[in-house]
Amino acid sequence: MERHARTVDRLRQGPADLIFIGDSITQGWEADGQRIWNALYRHRHAANLGFNGDQTDNVLWRLQNGELDGIAPTLAVVMIGTNNATRREDPPEDTAAGIQAIVTTIRTRLPGTKILLLAIFPRGHSADDPLRRVNDAVNDRLRAFADQRQIFFLDLGPQFLDRAGRLSEDVMPDALHPNERGYRIWADGMEGLVKQLMGEP
């Protein structure tokens with residue numbers, strides 16, 4: 001709640017042309033990803049709406065209780081859902097339904113904002129990690145949410161993996177959260193689409 005209050009206050013104080021919505025992976029732009037954030041997103045008046053531990057319902061509550069009020073961003077980058085697989089062990093269809101509700105809320109409250117919906121990043125060191133398989137099943141459902149007009153889907157997962165599907169500790173030391181190299185892969189992987197969707201030359 002303290003972070004929520006600070007976030008709402010920050011959004012009221014200045015422009016938010018680009019918003020990132022998610023969990024601790026998104027919040028980590030303020031830690032391991034900070035140098036990249038400062039270089040790529042600060043001048044775009046970006047705001048970080050990532051909260052450690054959030055599941056889809058937590059995000060939905062935040063969006064319905066102040067975090068979308070009084071702003072008109074050009075682009076919202078959304079990635080959420082990996083905590084649903086662990087905390088409640090939600091089935092993929094429930095997590096996907098929660099993400100769809102988030103996207104619908106953004107579309108309703110911010111009709112002029114484009115949405116870049118990211119596939120949940122890979123987790124676990126190996127391709128057969130059970131939690132990664134759950135997230136992969138969620139991602140398979142997310143593709144259908146993109147209309148290529150206001151909602152766009154991007155799967156950066158393969159860029160974090162080797163050919164055998166292994167997730168290196170050099171990118172995500174705990175097999176879940178990116179380090180600085182991981183945030184660089186994230187940023188580089190979506191930069192072209194971010195520019196396009198924000199109408200930049």
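Please read all numbers here as calculations on a predicted model, not as lab measurements.
- Between the Arg132 side chain and the Asp128 main chain, no donor and acceptor come within less than 3.5 Å of each other.
- Of all heavy-atom pairs between Pro111 and Gln150, the closest is O-NE2, 3.6 Å.
- Clustering of Ile, Leu, Val, Met, Phe, Trp and Tyr side chains at separations under 4.5 Å places Phe153 together with Leu11, Ile19, Ile21, Leu49, Val59, Leu60, Leu63, Leu68, Ile71, Val78, Ile80, Ile99, Ile102, Val103, Ile106, Leu110, Ile115, Leu117, Ile120, Val138, Leu142, Phe145, Ile151.
- The hydrophobic clustering, which links ILVMFWY residues whose side-chain heavy atoms are closer than 4.5 Å, places Val134 and Leu176 apart.
- For residues 70-108, no residue pair satisfies the ring pair (Phe, Tyr, Trp, His ring centres under 6.0 Å) rule, not counting sequence neighbours.
- At least one side-chain heavy atom of Ile25 sits under 4.5 Å from a side-chain heavy atom of Pro178.
- Of all non-hydrogen atoms in Pro173 and His177, the two that sit nearest each other are CD-O, 3.6 Å.
- Of all heavy-atom pairs between Asn83 and Gly53, the closest is ND2-C, 3.3 Å.
- Applying the side chain to side chain donor-acceptor pair (under 3.5 Å) definition to pairs two or more places apart or across chains, those involving residues 108-124 are Thr82-Arg123.
- With hydrogens and angles disregarded, a donor-acceptor distance shorter than 3.5 Å links the side chain of Asn58 to the backbone of Gln55.
- Among pairs with a residue in residues 85-121, those fulfilling ring pair (Phe, Tyr, Trp, His ring centres under 6.0 Å) read Phe121-Phe160, Phe121-Trp186, at least two apart in sequence or across chains.
- Between the CD atom of Glu89 and the CZ atom of Arg87 there is a distance of 13.0 Å, given to the nearest 0.5 Å.
- Not counting sequence neighbours, the partners of Asp155 by the salt bridge (charged side-chain N to carboxylate O under 4.0 Å, His left out) test are Arg143.
- Between Gly50 and Thr26, the closest heavy-atom pair is CA-CG2, 3.7 Å.
- By the side-chain contact (heavy atoms from CB on, under 4.5 Å) test, Asp90 is found to be paired with Asn84, Arg88, Asp94, Thr95, residues two or more places apart in sequence or in another chain being considered.
- For the ring pair (Phe, Tyr, Trp, His ring centres under 6.0 Å) condition, the pairs that include at least one residue of residues 53-79, sequence neighbours left out, are His4-Trp61.
- Considering only residues two or more places apart in sequence or on other chains, Glu200 meets the salt bridge (charged side-chain N to carboxylate O under 4.0 Å, His left out) condition with Arg44.
- Rounding to the nearest 0.5 Å places CD of Gln100 at 13.0 Å from CD of Glu93.
- Closest heavy-atom contact between Met79 and Ala119: SD-O, 3.4 Å.
- One distance of note links CD1 of Ile185 with CG of Leu156; it measures 10.0 Å at 0.5 Å rounding.
- In the hydrophobic cluster analysis, where Ile, Leu, Val, Met, Phe, Trp and Tyr join through side-chain heavy atoms closer than 4.5 angstrom, Phe51 is grouped apart from Val8.
- Both Met190 and Met172 belong to a common hydrophobic cluster when Ile, Leu, Val, Met, Phe, Trp and Tyr are linked at side-chain heavy-atom distances under 4.5 angstrom.
- To the nearest 0.5 Å, atoms CE (Met1) and CZ (Arg62) are separated by 11.0 Å.
- Looking only at atom types and distance, the side chain of Arg42 has a donor-acceptor partner in the side chain of Asn38 under 3.5 Å away.
- Of the candidates Gln13, Arg6, Arg12, Asp9 forms a side chain to side chain donor-acceptor pair (under 3.5 Å) with just one, namely Gln13.
- Within the structure, ring pair (Phe, Tyr, Trp, His ring centres under 6.0 Å) pairs that include any residue of residues 85-106 do not occur (at least two apart or interchain).
- When all heavy atoms of Ala47 and Ala16 are compared, the closest pair comes out as CB-CB, 4.3 Å.
- For the atom pair CG (Asn48) and OG1 (Thr7), the distance works out to 7.5 Å, reported to the nearest 0.5 Å.
- Follow the hydrophobic side-chain contacts under 4.5 Å out from Leu197 and you reach Trp37 in the same cluster.
- A donor-acceptor pair under 3.5 Å is formed between the side chain of Gln27 and the backbone N or O of Asn52.
- Listed by chain and residue number, nothing satisfies the ring pair (Phe, Tyr, Trp, His ring centres under 6.0 Å) test with His125 (two or more places apart in sequence, or in another chain).
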Exercise answer: donor-acceptor pairs, residues 164-171 side-chain atoms, under 3.5 Å, sequence neighbours excluded:
residue : atom : partner : partner atom : Å
Arg166  : NE   : Asp162  : OD2          : 2.9
Arg166  : NH2  : Asp162  : OD2          : 3.1
Ser168  : OG   : Asp170  : N            : 2.9

Please table the atom pairs, donor to acceptor, closer than 3.5 Å between any side-chain atom in residues 28-35 and protein atoms at least two apart or in another chain.
residue : atom : partner : partner atom : Å
Glu30   : OE1  : Arg3    : NH1          : 3.2
Glu30   : OE2  : Arg3    : NH2          : 2.8
Arg35   : NE   : Glu180  : OE2          : 2.8
Arg35   : NH2  : Glu180  : OE1          : 3.3
Arg35   : NH2  : Glu180  : OE2          : 2.8

